[in-house]
Amino acid sequence: MRYSLGFILALSLAGLQFLAITTVVSTSYVSSQRAMLDHARGLMEDAGANAAEQTKRFLEPARDVTDHVSSILNNGVISTDSRQDMERYFFQVLGTTNQLSGIYYGDEVGNFVYVMKSNGPGPFRTKFINVEGDTRSVDFIWRNEDYSVVERSADPSDRFDARTRPWYIQASTLGARIWTEPYIFFTSQQPGVTVAAPVMVQDDQLHGVVGIDLDIADISLFLSDLTIGETGSAFILSDEGQVIAHPDPAQITMRNDDGTLDFADISEFNDPIVRAAFTRSTLGDTPPDSALRSQFDFDGDRYMTLLLPIPGIDLSWNIAVFASEGDFIQGIKDNRRRNIWIAAIISLVTAIIGIILAEFILRPVRAFAVRTSLVSQGEMPTSTPLPRTYQELRKANKTLINEIAQRRVSDAKVEDLNRELSHSSRVNVMGQMATGLAHELSQPLTAISQNLDTAISVAKSEEKPNDELLSILNELDEQAHQGGDVIRALRGFVRKDDGTPEAFDVKELILQTCRLMRNETDNAGVTIKTEIPDLPAAFGIRVQIAQTLINLMRNAVDAMENAQVAMRTITITVVNLGQSVEVRVDDTGPGVDADVTLFKQFQTNKADGMGLGLSISRTIVEANGGRIWHDTTASGTRFCFTVPLERR
Ligand code: ADP
């Protein structure tokens, strides 16, 4: 299948355009994607750092309050012996710091004072455990914000002993402030941690342990305020692999078999993306001391993760952040798809416009090429107007036509010249050879002739002349004379011709020519007859007139020989017309073939003919001031030409 130049051009341009646009689109997509992902990572790190900072700030007051309360009790500013003073002091502290849910003090004897926020019957509840000897009492007091008593009750069945609790044991054993692992508060069922610090008496003896409960549910609240893409979120993961704060706080607790509440382990967390994002192995055996970045695939989407330890706290907690790449690059992905479609459509439209334009541009060019070809082949006249499309084409057309016309003329002017040149060079070479030959032959011929004359005289002077010898010698003499005649005719005929017209004897020229043609005519069985009166001198280029005569005589010989006519005669007649002589060459051949246009180049009916003889003859005759024509005769053919007579 062949495609037009315009089609290929338009298609290539459209293809290049498509390639260029998609390259630009892809390059910009890759760089935009990289920028967006960098931006997303930055956003995740900001969110993680923000969450870490918030968490730290959330925990700090509990630590400070613990230190403060333990030092107040240590210094005896508030006496550990006065439970009422302690209750009032704890009540005040609890009112000042929001995230504290309870403050308590347990001593080595088993006494216990615990002020906590309560859901009812009053907003605050105090629990007293008094131990005196073997006597143990457990009392509860509910109070309003103004410390007024709402209700009192006692619970003798309560067996709580602070000294057995982990916070007490850890702080008393360590002799310093401790943080417990996060756990779910029994009373409020909220997640929290306990900070505890030992209280000493003067001789560095442990008196008891002060503890503060910190409600950490609010950490989940501010986590839910963080925005990390559409689907990303941040949560807090303990070193134990428990989710202790999450934007959806309901998910962080789960009920154990014994009915108690506990934190959900990461591996059991209700959200499959969270489970895929981090595992216990992500945390490793030791917590990462710097940010840990990773990625994972979930449900055909790629997610980025960040695990960030919270610095500056006594707890091994980590901020875990994850976000879907799609949240950040979906827009540019959609944009790329849209751009590629736009590129394809633009390229298609370009291709169509290109084809139409190419067709529009090429149509006149094609017409021009066809027209030029037709004009050059001569099948269309040069005057045929060119469609008015392009000024340049019209100019080119004009120039080409002039060129073609000039070529034609010059090809003809060049052909003639070539012909004349080859002809005259042949004549010249022939002439030179003939002159040399004639000169060389005339000497021995003269000697032969003289010796024969002598031999004949000697033979005749014999007493009994030998007749046979005499007859042979006479024939030899005659032949020698004939040879001499031929040589003379040749020398006369080819005598140096400088190509300028001159006066010459037509009769002599014709007879010399016939003499030279004798061999050819004899071979063809043709008899030459001449009827030539004495004539005044003609004027022209002799050798050219002889050439014309030879051409006509040869054609006559060929015609009669080819037609196998029985009687073969060439008759040359010359008539004096006054201003010129008319030379007629008659033959007894079959006449001119009806198909042949005489005097036209390349018109021939001979197998080895060139069809140039007559046309050259006409050129010669006309150049010499005569004319040439053909006459039909009753039998055979007649060609006539004229040669002007010399003007006196
Ligand atoms: P060529 O001899 O090479 O064919 P010419 O121009 O001399 O070329 O002659 C052209 C043709 O004219 C010849 O082929 C022949 O058919 C015809 N013609 C010329 N002279 C004669 C003649 N005397 N008799 C018959 N036909 C002739």
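Read the numbers this way: they start at 1 and go in the same order the structure lists the ligands and their atoms.
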**OP:** Rounded to the nearest 0.5 Å, what's the gap from CZ on Phe322 to CE on Met44? Could you check?
**Re:** 9.0 Å
Quick one: nearest non-hydrogen protein atom to [atom], plus distance?
| atom | answer |
| --- | --- |
| atom 25 (C) of ligand 1 | Gly591 O, 3.4 Å |
| atom 27 (C) of ligand 1 | Val592 CG2, 4.1 Å |
| atom 15 (C) of ligand 1 | Asn605 OD1, 3.5 Å |
| atom 4 (O) of ligand 1 | Thr604 OG1, 2.6 Å |
| atom 6 (O) of ligand 1 | Leu614 N, 2.9 Å |
| atom 21 (C) of ligand 1 | Phe639 CE1, 3.8 Å |
| atom 2 (O) of ligand 1 | Lys606 NZ, 2.6 Å |

Subject >> Asn339 side chain reached by Tyr29 side chain, heavy atoms, under 4.5 Å >> reply: no
Subject >> The one among Ile616, Leu598, Asn555 that brings a heavy atom closest to atom 17 (C) of ligand 1 >> reply: Leu598
Original post:
Who's closest to atom 22 (C) of ligand 1 heavy-atom-wise, of Gly611, Ala559, Gly589?
Top reply: Ala559
Going by the atom numbers of ligand 1, which of them fall below 4.0 Å from some non-hydrogen atom of [X]?
| X | answer |
| --- | --- |
| Asp587 | 22 (C), 23 (N) |
| Val596 | 11 (C), 12 (O), 16 (O) |
| Leu612 | 6 (O), 8 (O) |
| Gln603 | 10 (C), 11 (C) |
| Gly613 | 5 (P), 6 (O), 7 (O), 8 (O) |

Between [X] and [Y], do the side chains contain an N or O donor and an N or O acceptor separated by less than 3.5 Å?
| X | Y | result |
| --- | --- | --- |
| Asn335 | Arg338 | yes |
| Asp301 | Ser324 | no |
| Asn474 | Glu478 | no |

Subject >> Qualifying residues under ring pair (Phe, Tyr, Trp, His ring centres under 6.0 Å), relative to Phe296, sequence neighbours excluded >> reply: Tyr303
**OP:** Using a strict 4.0 Å threshold on nitrogen-to-oxygen distance, state whether Arg584 and Glu582 make a salt bridge.
**Re:** yes
Original post:
Can you tell me if Phe599 has a non-hydrogen atom under 4.0 Å from ligand 1?
Top reply: no
Subject >> More than 12 heavy atoms from other groups under 6.0 Å of CD on Glu230 >> reply: no
Original post:
Heavy-atom count around Glu475 CD within 6.0 Å, excluding the residue itself: above 12?
Top reply: no
**OP:** Can you sort out the partners of Ile356 under side chain to side chain contact (heavy atoms under 4.5 Å, CB included), two or more places apart, ordered by chain and number?
**Re:** Ile352
